[in-house]
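Just so it is clear: chains get the letters A, B, ... in the order the sequence lines come, proteins before strands, and each one is counted from 1.
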Amino acid sequence: MAASRKSTEQATIASLVPLARRDEPESSDIRLSDVDEWGRSEHMRSIARAAFSPFYRYWFRVEWEGLEKIPSQGGALLVANHAGAIPSDAPVIIHGIEEELGRPVYGLADYFFRRIPFVGTMWSRVGGVTAHPDNALRLLRDQGQLVLVFPEGTKGPSKSYADRYRLRRFGRGGFVEIAMRAGIPIVPIAVVGAEESMPIITRLPRVAKVLGVPYFPVTANLLAFGPLGAVLYFPVKFKLRVLDPVRFDVPSGQERYSKSRVMEEAESIRTTLQEALYDMLRERRSIWFG
Amino acid sequence: MARRVLITGLDTFWGGRMAQALESDPDVEMILGMGTHEPRVPLERAEFVRADQTYSILSRIVRATQVDTIVHTFLMTDSTQVSPRTMNEINVIGTMNLLAAAGQVGSQVRQVVVKSSTLVYGATELDPSWFREETARSKPARTRVERSLLDVEGLVRDFAEDNPATIVTLLRFANVLGPDIITPITSNLSRPLCPSIMGFDPLVQFVEETDVVRCLEHVTHHRIPGLYNVAGSGKLPWSEVIAMCGARALPLPAIGTSALAEPLARMGIIELPTELEDLMRFGRGVDTTRLSNAGFTCRYTTAGAVHSFISALRLRRSVGKAPSSYTYEQDVEQFFRHSPAVVNAFKQVGEDTTS
């Protein structure tokens, strides 16, 4: 009722007063692409989803558990284990959530991508954002988006196959601090499958140094498929389990939080995730069929 | 309280615009513009003094005119226009002398507004998507213009520390687009082929030229102290900016970019100084929350600024360059300002308020 009265009022005013010419058209009218302020383009995402969909469905045969625990609105920080020489978990998680929940997901990653021509641009168009506390805070608190982060960083994918499903150190707990400051929950996701999709046999640190990349892996895929193995994953069965969201009973918006509290929370999330992984592995009968 | 304002660089784009804007502010009693050349825009009541930025002249002007506000717009941010030495002379030495004059014993200066640039943040792969005012640069400055602006900001900070009673406002403007301004970016976008770096499509942010003047006026009028980023909201991929302007991208190789850009620049095909090359690779965005909390929002978004630029360019392409309607004639100006024969609206207003 109030709304309709208001609109009549506006209509009356508009009919009496000559409207000033708008100097500046709406941004949406003059834009030529749908690239947002982070570089993500929904158009590019839909192309990427269409391309990835057969792999998601028939190659990895992805199965989710507890997807309803991911908030359907408002910011949340998704935290997962990270594995595979070229990690396959990131596209699987982002694809799955965007398809199932219809919400965009922004993935935080090392700034190193931005330096590489084409790769950096593509990565940005499909939702990649440089992992910087300011970026995470703006996405989570100001814009209420879903943000995916791998607290292990490159330590996760660069580990040897012998260390599979053993979580590395969770950085310096920065992800917990960001979630506290933004006042949003952390949703841990345990991923089983990525480890075996592209296992690392050995690493070549000298080549990595020359190329300026964090690590240079020699993968089992290269031995099995030849050069094609650089991009082709093994058809392992993917299972993902969304764990209970972790909320922090601290006031948001603080510049700093007690380091011991932050480390405690980070460690507790790491333990929960590790236990969930072991639990899922106990149930798994086969790498290929789950 | 009526204000007496000194504007540096009256003969430059921003100084002239700022003087025009302040002329319509009834709070401003006197506007004095300094410049090395004659002003290029018609001015109603702003006084012009031809002076360079040497200390002895500046300190005499500040003392003699009893100015209480200094708007320092005369800072070079376009490294293609002047030699590195001249740029250093204008930016660093000029600011140093100006601030020394403003801080001298007996100075009436109560506010200093400085127009800096977001160039001070640089552009690297380590950058956050949005720089806040307190965010430090990710890597040390490697271009002369960035270094000289950082030096200028250091001088301004020192001045603010030494003169706590003076309101010091430092504005960092994003790359400017608009109907009239000429920068390496506008020159590139005006040509059919516009440089980009192969494999990179950075997000860039612009501010429209009228918003620049409005913002300078806003902080001056409301005496707002502090350090602020000024930019239109939103960011655009460079490829889209090129497309909006109806140009085609000229992709330069990602390795050895400057080696190829230099001869092209000499031939006048592109303009790609190092700071612009960095921007073409990594882009830059600034957070303007602090400025909006201070009560100022840009009218134009980034896309709006591009639109404003390209509409004016299309008009110019159709009707040719608008002839400059104004040339400075000293005798005529003297007559209009000081002859008792002239009935000047502003003069009358001024007399009314003073009497």
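Top candidate by heavy-atom pairs under 4.5 Å with chain A, chosen from B/Arg132, B/Glu208, B/Glu125, is B/Glu125. Ranked by heavy-atom pairs under 4.5 Å with chain A, the list B/Val306, B/Leu126, B/Thr135, B/Leu236 is led by B/Leu126.
Between B/Glu153 and B/Arg137 no salt bridge is recorded (no basic side-chain N to carboxylate O distance below 4.0 Å).
Close approach to chain A, defined as a heavy atom under 4.5 Å from one of its heavy atoms, is seen in no residue of residues 170-177 of chain B. Within residues 239-248 of chain B, the residues that have a heavy atom under 4.5 Å from a heavy atom of chain A are B/Glu240, B/Ala243, B/Met244, listed by number. For residues 185-207 of chain B, heavy-atom neighbours of chain A at less than 4.5 Å comprise B/Met198, B/Gly199, B/Phe200, B/Asp201, B/Leu203, sorted by residue number. Proximity to chain A at a heavy-atom threshold of 4.5 Å picks out B/Phe282, B/Asp287 from residues 279-296 of chain B, in numerical order.
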*asked:* Show, in sequence, the C-alpha distance, side-chain angles and deciding distance for B/Tyr121 and B/Asn229, and conclude whether the side-chain hydrogen bond (donor to acceptor under 3.5 Å, both in side chains) test is met.
replied: CA-CA 11 Å; B/Tyr121 295 117; B/Asn229 290 331; 2.6 Å; yes

_Criterion side chain to side chain contact (heavy atoms under 4.5 Å, CB included) on B/Met18 and B/Thr220, from CA distance to verdict_ = CA-CA 10 Å; B/Met18 188 56 194; B/Thr220 311; 3.8 Å; yes

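Judged by distance alone, with hydrogens and angles left aside, the side-chain atoms of A/Thr130 form no donor-acceptor pair with the main-chain N or O of A/His132 at under 3.5 Å. Side-chain atoms of A/Arg114 come within 3.5 Å of backbone N or O of B/Asp127 as a donor-acceptor pair. Remark: the backbone N or O of B/Glu146 is not paired with any side-chain donor or acceptor of B/Arg142 at under 3.5 angstrom. In this structure, B/Asp278 contributes its side chain and B/Glu275 its backbone to no donor-acceptor pair below 3.5 Å. Within the 3.5 Å criterion, the main-chain N or O of B/Arg299 finds a donor-acceptor partner in the side chain of B/Asp211.
Around atom CD of A/Gln143, more than 12 heavy atoms belonging to other residues, nucleotides or ligands sit under 6.0 Å away.
Side-chain contact between B/Asp180 and B/Arg17 is present, with at least one heavy-atom pair separated by less than 4.5 Å.
The contact between A/Asp36 and chain B is made entirely by backbone atoms, counting heavy-atom distances below 4.5 Å. Contacts between A/Ser33 and chain B at a heavy-atom distance below 4.5 Å involve backbone atoms as well as side-chain atoms.
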